[in-house]
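Before any comments, here is the structure.
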Amino acid sequence: MDSQLHGIEAADAARYGEHAAIRDFYSLEARLLDDNLLTDWLGLLHENVAYLVPNRTFKPLVEDDFSVASGVMVDDHDSVAAKVARYETLHAWSEDPPSMTRRFVTNVEIGVDPVSETPPGRAWTARTNVLVYHARRDQQPALISAGRRDVLVDGGNGLRVWRRLVHLDHNTLPVQDLAIFL
Amino acid sequence: MDSQLHGIEAADAARYGEHAAIRDFYSLEARLLDDNLLTDWLGLLHENVAYLVPNRTFKPLVEDDFSVASGVMVDDHDSVAAKVARYETLHAWSEDPPSMTRRFVTNVEIGVDPVSETPPGRAWTARTNVLVYHARRDQQPALISAGRRDVLVDGGNGLRVWRRLVHLDHNTLPVQDLAIFL
Amino acid sequence: MDSQLHGIEAADAARYGEHAAIRDFYSLEARLLDDNLLTDWLGLLHENVAYLVPNRTFKPLVEDDFSVASGVMVDDHDSVAAKVARYETLHAWSEDPPSMTRRFVTNVEIGVDPVSETPPGRAWTARTNVLVYHARRDQQPALISAGRRDVLVDGGNGLRVWRRLVHLDHNTLPVQDLAIFL
Amino acid sequence: MTTVHPGTRTGGLDALLSRVRESLADGFLPLQVFNDADVYDAELERVFGRSWVFLAHETEIPNPGDYVLRRIGEDPFIVSRGNDGQIRAFFNSCRHRGTQVCRYEKGNSNSFRCPFHGWTYNNLGNLTGVPSRAQAYPQMDLADWSLHQAPKVDTYHGLVFACLDPEAVPLSEYIGDMGWYLDTNLLAHPDGLEVIGEPLRWNIEANWKLGAETFCGDSYHLQHLHRSVFEVGLVPQFRGKAETRRGLDVHVSECSGHATVIIRGPEEARIFWGSPDELKAQYRQGELSDAQFSLARRSIFQVGTVFPNFSFMHTSTAFSVGGVAGSYFIIRQWQPKGPNRVEAWNWTLVPRGLSEEAKQIAHRAALSQVGPSGNFEAEDSVVWEGITRVAGSAFARRIGAKLHYAMGLDDGSAQVMEDFEGPGTVYDTRLEDGVQRTLYRRWLQEISRGDGTAV
Amino acid sequence: MTTVHPGTRTGGLDALLSRVRESLADGFLPLQVFNDADVYDAELERVFGRSWVFLAHETEIPNPGDYVLRRIGEDPFIVSRGNDGQIRAFFNSCRHRGTQVCRYEKGNSNSFRCPFHGWTYNNLGNLTGVPSRAQAYPQMDLADWSLHQAPKVDTYHGLVFACLDPEAVPLSEYIGDMGWYLDTNLLAHPDGLEVIGEPLRWNIEANWKLGAETFCGDSYHLQHLHRSVFEVGLVPQFRGKAETRRGLDVHVSECSGHATVIIRGPEEARIFWGSPDELKAQYRQGELSDAQFSLARRSIFQVGTVFPNFSFMHTSTAFSVGGVAGSYFIIRQWQPKGPNRVEAWNWTLVPRGLSEEAKQIAHRAALSQVGPSGNFEAEDSVVWEGITRVAGSAFARRIGAKLHYAMGLDDGSAQVMEDFEGPGTVYDTRLEDGVQRTLYRRWLQEISRGDGTAV
Amino acid sequence: MTTVHPGTRTGGLDALLSRVRESLADGFLPLQVFNDADVYDAELERVFGRSWVFLAHETEIPNPGDYVLRRIGEDPFIVSRGNDGQIRAFFNSCRHRGTQVCRYEKGNSNSFRCPFHGWTYNNLGNLTGVPSRAQAYPQMDLADWSLHQAPKVDTYHGLVFACLDPEAVPLSEYIGDMGWYLDTNLLAHPDGLEVIGEPLRWNIEANWKLGAETFCGDSYHLQHLHRSVFEVGLVPQFRGKAETRRGLDVHVSECSGHATVIIRGPEEARIFWGSPDELKAQYRQGELSDAQFSLARRSIFQVGTVFPNFSFMHTSTAFSVGGVAGSYFIIRQWQPKGPNRVEAWNWTLVPRGLSEEAKQIAHRAALSQVGPSGNFEAEDSVVWEGITRVAGSAFARRIGAKLHYAMGLDDGSAQVMEDFEGPGTVYDTRLEDGVQRTLYRRWLQEISRGDGTAV
Ligand code: FES
Ligand code: FES
Ligand code: FES
Ligand SMILES: [Fe+3]
Ligand SMILES: [Fe+3]
Ligand SMILES: [Fe+3]
């Protein structure tokens with residue numbers, strides 16, 4: 001087996017370098033969230049981030065299933081920051097002790113989606129699948145399954161999430177809070 | 001830490017380029033299936049594909065546990081195409097609305113298995129682990145866990161699945177249908 | 001989109017070559033364990049390995065939650081070897097027939113942690129997330145979720161695990177045995 | 001990974017209900033009622049089987065043929081606006097062999113065709129098509145095989161309710177005095193309210209009554225449980241300790257079995273639940289009495305529960321510190337899913353005809369505080385789950401552990417405001433539990449009514 | 001994530017069974033029987049504890065020492081061919097402390113050694129080895145400690161059945177008139193049938209009776225539920241609307257409590273369930289009567305259920321459009337796993353001695369249509385799951401919701417074919433429900449028989 | 001994915017207990033007791049609700065304010081050492097509305113503040129803080145609203161137990177004769193024992209009694225079930241077949257309802273459970289009698305169970321072949337979680353003041369053999385799970401399947417050692433089941449005691 005793939009598009013090293021950087025970014029992001037370093041994680045969001053988790057309802061026309069208007073989470077940087085700030089008080093009892101979470105990020109794909117809108121600088125679109133294992137001390141553990149569609153931008157000293165759209169594989173959330181971020 | 005691994009075999013860039021192309025192929029495949037684009041997915045199968053999901057029975061000699069003869073799925077391109085065609089009618093009620101599925105593809109390994117038989121052109125063997133989250137509207141969600149052993153071939157404009165062998169981690173299937181592909 | 005990421009640190013090809021070698025190592029390790037090739041897997045452990053799975057207890061100071069002193073597994077090469085030797089007798093009934101396990105290894109990150117202690121030669125620190133699907137013949141399947149922090153060293157003909165610290169996302173183990181390794 | 005929760009012991013359900021009756025008279029409630037299989041079964045039969053239960057807001061199904069899939073207790077109903085414009089609630093089960101005839105959660109259709117054998121019902125519930133009928137059922141009278149439907153369906157200013165008990169009182173009588181307080185919310189805007197999108201749904205491993213109880217007006221928990229929210233500064237309007245606001249804050253209990261809490265500004269204030277100025281200017285007295293409109297005008301915050309599982313909240317919040325506030329009326333339904341499990345359903349409503357941007361701000365405001373990822377919500381649900389777990393304990397049963405709902409019964413604490421304009425027993429303080437006792441008195445009354453079915 | 005499904009109410013099981021009795025007389029059946037804990041418990045005791053239940057095909061355990069692990073109801077049995085050649089069914093539980101003595105699902109062994117303390121049983125079930133016996137149990141008579149076994153095990157042309165009731169009628173009498181129809185399938189090929197590999201197993205969140213009922217012959221659902229399969233063109237032999245084939249298609253009901261449906265070609269046709277020509281040429285009358293062999297010759301398709309949970313289907317299908325067809329006889333067993341859960345087990349059988357390639361084609365043909373990923377199967381199971389969910393509803397219990405099994409009872413619809421050669425009550429059309437009523441009449445009879453155990 | 005396990009049939013719990021009574025007299029036990037919902041409910045009420053149940057070791061909470069979260073049966077208790085130095089067990093449920101007041105599993109605190117409304121209890125259980133009390137509860141007497149607590153808490157040489165029955169005998173009387181044997185383990189080292197870290201916890205899908213039974217002394221299973229461990233050579237001290245060691249190995253049964261097994265070396269041996277020499281040298285007679293200290297000196301291995309769910313083991317093992325051995329006393333508790341589920345909790349204890357390194361060796365030695373990944377443990381739990389599954393079978397109930405606990409009842413097998421120095425009925429061999437019958441006799445006695453609660 002020689003060392004090149006003929007006829008397979010986009011196998012160039014540069015593209016895989018990008019892929020590696022983006023994959024590492026997602027590992028970093030997941031780690032900060034799982035380790036409950038929310039303020040550090042907040043630093044990975046672009047100041048103009050749109051963080052959207054649409055509501056899912058089964059309708060005859062499948063394209064309408066996901067409603068952003070009545071989304072589960074419709075956040076910008078400041079509203080995410082407010083949530084983070086609340087957790088960082090000493091009085092968010094529900095997360096004291098914190099939930100155990102573990103994010104399994106797979107299927108990182110770059111460039112599937114076109115870049116819509118006008119990003120602030122160089123940008124990459126990325127899709128990922130994420131499976132979140134979530135458990136509290138004496139609660140039944142739950143799994144949250146989702147696909148994510150992001151636009152990442154170059155933040156000078158690393159990537160930033162500029163757009164995030166999370167498609168949940170749940171019409172009813174299996175846990176009582178998405179206090180955790182996806 | 002300098003920039004090379006001494007004494008670690010097969011660390012050459014070319015091999016990782018192949019790995020990247022194959023990993024991207026699996027992400028693409030999973031995405032088409034999860035997005036219910038079955039006809040597009042069908043295009044990723046080689047016309048002479050053998051798609052095998054053996055039946056698993058616990059026997060004293062472990063090598064006999066997997067029976068292809070009485071397999072859960074024993075398909076070729078045309079029989080897969082027939083299933084896809086059925087889903088694409090407007091009358092496959094069980095998938096209207098479609099199940100929510102999400103495939104988490106991990107542990108992509110290339111070249112573990114030798115290429116047996118004679119593939120139609122350049123070929124790569126690949127192993128993957130796949131965890132499928134599967135849920136219907138008001139059904140309990142299920143997890144399907146499996147390891148896959150594929151032979152991929154160069155289809156001119158991208159890779160094709162020429163052989164697929166799926167080892168299920170189930171002796172009894174947790175869902176009532178493998179109408180979804182693995 | 002041109003072919004380089006500006007301003008994203010550590011995107012150099014060499015680093016990703018290491019990443020690829022280490023990711024392949026984890027795939028290999030998972031495969032040997034899932035295929036029940038325990039003696040082969042033992043060969044991936046450094047002779048001075050420290051294999052630690054701390055016990056988890058929710059306490060007010062979160063840093064104390066993980067106790068190595070009263071760990072779930074506190075093993076060195078010889079104690080792991082003893083366990084493996086026991087499984088390789090013909091009289092370990094609980095694993096005859098063997099459990100079905102599947103390890104989904106994701107979020108491979110290199111160099112997050114500094115190398116502490118003095119490793120025997122070149123070393124890399126790596127973090128991974130691992131989700132283990134575990135089932136016996138007629139038992140309810142269980143999921144084990146964990147994060148791993150390893151120090152890998154160059155063993156001449158491949159990598160070796162020199163330090164492993166497994167942070168379980170469980171205070172009570174969901175299965176009756178960690179006879180399987182994580 | 002499942003614990004089967006055992007039912008009542010020590011004499012069975014009737015003995016437990018006797019203990020509830022005795023306790024409640026003194027302001028106490030046995031902990032056991034929050035996690036008991038027999039109690040739950042009786043609730044499905046006697047509470048959800050006989051009460052008026054909320055199904056949808058009319059604006060979810062504005063057009064003929066529109067439908068949504070909803071539940072009464074645990075049972076699935078299609079809420080359909082027929083081609084005749086009338087709303088009905090069909091049991092989602094084919095009369096032939098029981099198959100679910102509607103597979104979507106929302107849609108528009110002239111008919112429901114069963115996937116199994118193709119029997120077809122129009123959106124009035126009538127069986128209109130039977131394959132091979134001439135040979136298969138030559139004598140069948142289609143009229144005998146309409147979809148089962150809830151015997152009573154009615155609306156209250158846009159809120160669609162159904163009742164499975166054909167002998168039940170009419171909806172208006174059921175809502176009764178609570179209407180006075182609902183109307184201030186539902187009628188103050190001349191355009192009425194409309195729903196944004198579809199309800200959000202999430203799972204809580206808790207008994208359904210705990211949510212209903214908290215929304216009856218557990219004012220006492222705000223300052224402690226939700227301290228983190230106030231600390232961050234997200235709810236500036238909640239200033240002033242409860243103690244200092246006697247008569248401004250009111251607890252409305254025993255309001256035809258329902259209850260609500262209102263936080264008011266001073267006499268002349270124009271607050272309208274904290275609406276932005278533009279919205280404030282739109283409120284009109286319309287059909288409301290002077291007292292009602294005055295209440296709307298002064299209202300900072302209102303929360304309440306219509307028995308058994310319809311709750312609502314009306315207020316304004318920001319979603320970032322110092323950011324713009326959105327004004328919303330949310331409906332929260334506590335859908336029972338077992339003795340120790342509930343699904344929370346949440347609708348955001350806003351005045352009809354608001355701009356898309358204003359709607360979005362309102363939804364975001366609601367979502368950030370009381371949605372499944374809301375700053376308030378997470379705290380409540382974790383507490384409820386813990387209560388539910390201990391409620392199932394053998395020790396709690398053995399010692400007959402009772403909870404404390406007696407705030408306001410001490411001399412010199414809560415005072416009834418005899419001069420308050422609205423109906424119900426109105427206390428002059430948020431420091432009282434009468435609003436929650438209202439829920440349990442009503443609950444006890446319903447669950448104690450035998451219905452010929454032995455539970 | 002679990003709902004505990006409550007048991008019967010309104011007077012308990014006996015009252016429900018009375019309602020079943022009344023309903024069934026008119027062709028109706030209470031929906032509740034498909035999801036009720038008390039009904040299920042009674043089924044385990046009275047139906048599965050007293051009926052002849054299928055275990056295996058003889059060709060799965062052809063040699064002395066061969067065994068497979070199977071279930072009767074929910075209980076695990078080792079089906080073992082002893083070194084004496086006889087088949088027995090041992091309860092998989094050590095007589096010492098109850099440990100499962102057999103850990104494999106299939107194998108060959110002279111003995112079963114218990115992992116806990118090493119007691120060893122030979123493949124006739126006798127206790128043959130007890131560690132330290134001389135000191136531990138000096139007076140033990142090993143003969144007292146054989147493995148428990150099913151009191152009755154017998155075979156019917158290769159099909160192995162067992163019965164846990166020592167008072168039960170013999171297997172041949174139990175199968176009774178249904179033997180006439182089974183024989184056409186089992187005996188027409190001179191080599192007999194053999195199993196391919198091991199049974200496939202999959203989980204369905206539905207009541208076990210729904211599968212058994214559909215295989216009794218729910219002919220009516222084919223054209224609608226499975227429309228997508230016909231549209232794609234995978235089953236060309238199913239032409240002709242049911243209405244136009246009176247007398248060619250027959251429904252055999254009340255056949256000793258069992259039922260079957262046969263789709264036939266014209267008088268002189270040589271079809272043999274659509275076998276390829278080569279296979280057709282091999283069929284022989286052998287032990288069959290003229291009428292039986294004629295039926296085999298004309299059969300396009302047959303499906304049936306032997307009470308309670310043994311179903312079968314005999315036909316040919318392709319697995320790709322226009323592709324080669326495979327002919328198969330499948331056995332489907334509905335293994336109960338709770339009021340709302342069933343495991344489907346599926347064996348593919350083919351004439352013994354067929355080439356490996358022909359077997360593989362047959363298996364693929366069966367698998368593609370009626371296996372767990374089959375084009376037909378997915379539709380059925382999703383429907384059954386939906387029925388099971390609504391069957392557990394409080395509303396269905398409250399209104400006593402009844403399902404419709406009355407097709408064929410109208411005047412002028414299904415006619416009994418008095419001149420049909422085979423036994424049972426044979427209708428001249430697929431448009432009738434007598435085959436399914438047969439199942440529920442038999443079920444009612446069994447579940448109503450008290451046995452001294454209070455359920 | 002859950003099976004609801006049905007309760008007793010055939011006359012209910014009392015009839016089953018009668019069958020247990022009859023069987024046990026002959027050395028047998030109905031299999032059904034290991035997976036039955038009614039039995040389990042009765043156990044929670046009558047066994048765990050009335051017995052002295054282990055909670056913690058004193059060294060887990062050495063200082064004022066220390067607490068750990070533990071369970072009695074399924075119910076959560078805070079085991080707190082108050083600022084007054086006294087240990088109490090508080091029901092983890094706020095007196096106001098039931099919320100769990102302690103969210104950590106281990107900590108140190110002066111007080112427990114409830115997250116819901118902020119009621120605060122000191123570590124003596126007294127309510128000390130009530131927000132807005134002056135206005136909310138002007139007449140409240142705080143003394144009426146202390147945390148509920150276990151009516152009895154006591155310690156036995158460092159072991160903390162509680163009892164929920166206020167009428168129960170004192171702990172010392174409850175332990176009774178078993179104290180003679182516990183003391184040899186707990187008092188032989190002059191520094192006493194201390195816990196290493198926190199208990200390990202793992203889930204087993206088995207009935208809780210199976211673990212307790214095995215630790216009563218199922219000596220018979222060692223050589224077969226654990227054969228792989230011996231083969232690898234990890235436990236060199238277990239040489240000598242049980243048959244050849246009469247009188248060295250002893251089974252102590254009927255020891256105030258508890259039981260233990262001791263494997264001894266010869267008369268003059270200095271073994272001290274296989275301790276390394278350095279540790280051996282530290283053991284002292286202290287408060288022990290000559291006979292007790294002699295037993296400690298000669299002990300190779302001891303295992304036992306204090307009714308109902310406190311087990312222990314004292315021995316030494318290596319964790320690698322030929323490697324260093326660690327000596328440990330482990331406590332194993334079988335926490336019931338349902339009829340077919342148990343949580344195993346495991347504490348490693350070592351003489352206080354041992355070096356950190358020696359402690360770590362001891363913990364590793366314990367962990368490698370009897371922890372959740374231990375070489376022994378995996379085998380036991382898989383066997384117990386299998387027994388539990390068949391115990392729930394309808395067939396086992398129908399035939400009244402009984403297990404064999406009659407070893408030693410045959411003439412000429414086990415002999416009572418009349419001259420043994422310690423109390424209880426002491427047999428001269430490991431080949432007898434009296435130690436396990438002790439457990440079930442005591443269990444039968446407790447579960448048969450009605451308590452006015454109808455189960
Ligand atoms: S079940 Fe609806 S048409 Fe038959
Ligand atoms: S349980 Fe089988 S030998 Fe003891
Ligand atoms: S529940 Fe504890 S303070 Fe209210
Ligand atoms: Fe709240
Ligand atoms: Fe079908
Ligand atoms: Fe053991």
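All chains are named by letter (A, B, ...) in the order of the sequence lines, taking the proteins before the strands, and each is independently numbered beginning at 1. The figures that follow rest on heavy atoms only: side chains count, while hydrogens, waters and symmetry mates do not.
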Under 4.5 Å, counting heavy-atom pairs only, tell me which of C:Asp78, C:Asp138, C:Asp76 racks up the most with chain F.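 Max contact count across the listed options: C:Asp138.
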Check this for me: C:Arg149, atom CZ, are more than 12 non-hydrogen atoms of other residues, nucleotides or ligands nearer than 6.0 Å?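 Yes - once you tally the heavy atoms of other residues, nucleotides and ligands closer than 6.0 Å, there are more than 12.
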Is it true that atom CD of F:Glu357 has more than 12 heavy atoms of other residues, nucleotides or ligands lying nearer than 6.0 Å?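 12 or below, so no.
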Which atoms of [X] are under 4.5 Å from chain C, going by heavy atoms: the side chain, the backbone, both sets, or neither?
{"X": "F:Glu198", "answer": "both"}
{"X": "F:Leu225", "answer": "both"}
{"X": "F:Leu367", "answer": "side chain"}
{"X": "F:Leu234", "answer": "side chain"}
{"X": "F:Glu379", "answer": "both"}

Could you walk me through whether F:Phe112 and F:Tyr67 pass ring pair (Phe, Tyr, Trp, His ring centres under 6.0 Å), step by step? CA-CA 11 Å; F:Phe112 302 99; F:Tyr67 64 85; 5.2 Å; yes
Do C:Leu152 and C:Tyr26 make a side-chain contact, defined as non-hydrogen atoms from C-beta onward lying under 4.5 Å apart?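 Yes; the side chains approach each other to less than 4.5 Å.
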Let me know if C:Ala81 has heavy atoms under 4.5 Å from chain F in its side chain, its backbone, both or neither.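 Neither part.
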Would C:Arg160 and C:Glu47 pass as an ion pair if we require N to O under 4.0 Å?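 No salt bridge links C:Arg160 with C:Glu47.
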I'd like to know if F:Glu343 pairs up with F:Arg71 as an ion pair, taking the criterion as any Lys NZ or Arg NE/NH1/NH2 lying under 4.0 Å from an Asp or Glu carboxylate oxygen.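 Between F:Arg71 and F:Glu343 there is a salt bridge, with a charged N closer than 4.0 Å to a carboxylate O.
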Step-by-step salt bridge (Lys or Arg N to Asp or Glu O under 4.0 Å) determination, F:Lys337 to F:Glu205: CA-CA 9 Å; F:Lys337 293 285 284 182; F:Glu205 302 285 320; over 6 Å; no
Test C:Thr101 against C:Arg103 for side chain to side chain donor-acceptor pair (under 3.5 Å), laying out the working first. CA-CA 7 Å; C:Thr101 65; C:Arg103 284 158 179 80; 3.1 Å; yes
Under the criterion salt bridge (Lys or Arg N to Asp or Glu O under 4.0 Å), I'd like the reasoning laid out for C:Asp65 against C:Lys59: C-alpha separation, chi angles, the key distance, then a yes or no. CA-CA 6 Å; C:Asp65 279 10; C:Lys59 302 182 203 164; over 6 Å; no
Against chain C, work out which of F:Ser109, F:Ser228, F:Gly107 has the most heavy-atom pairs shorter than 4.5 Å and name it.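 The residue among F:Ser109, F:Ser228, F:Gly107 with the greatest pair count is F:Ser228.
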Heavy-atom pairs under 4.5 Å with chain C - which of F:Leu69, F:Thr348, F:Val229 has more of them than the others?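 Among the listed options, the one with the most contacts to chain C is F:Val229.
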Contact listing (chain C partner; residues 319-336 of chain F; heavy atom under 4.5 Å):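 Within residues 319-336 of chain F, the residues under 4.5 Å from chain C are F:Phe319, F:Ser320, F:Val321.
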Please work out whether the ring planes of C:His167 and C:Phe66 are parallel, tilted or perpendicular, with thresholds of 30° and 60°.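 Correct class here is parallel.
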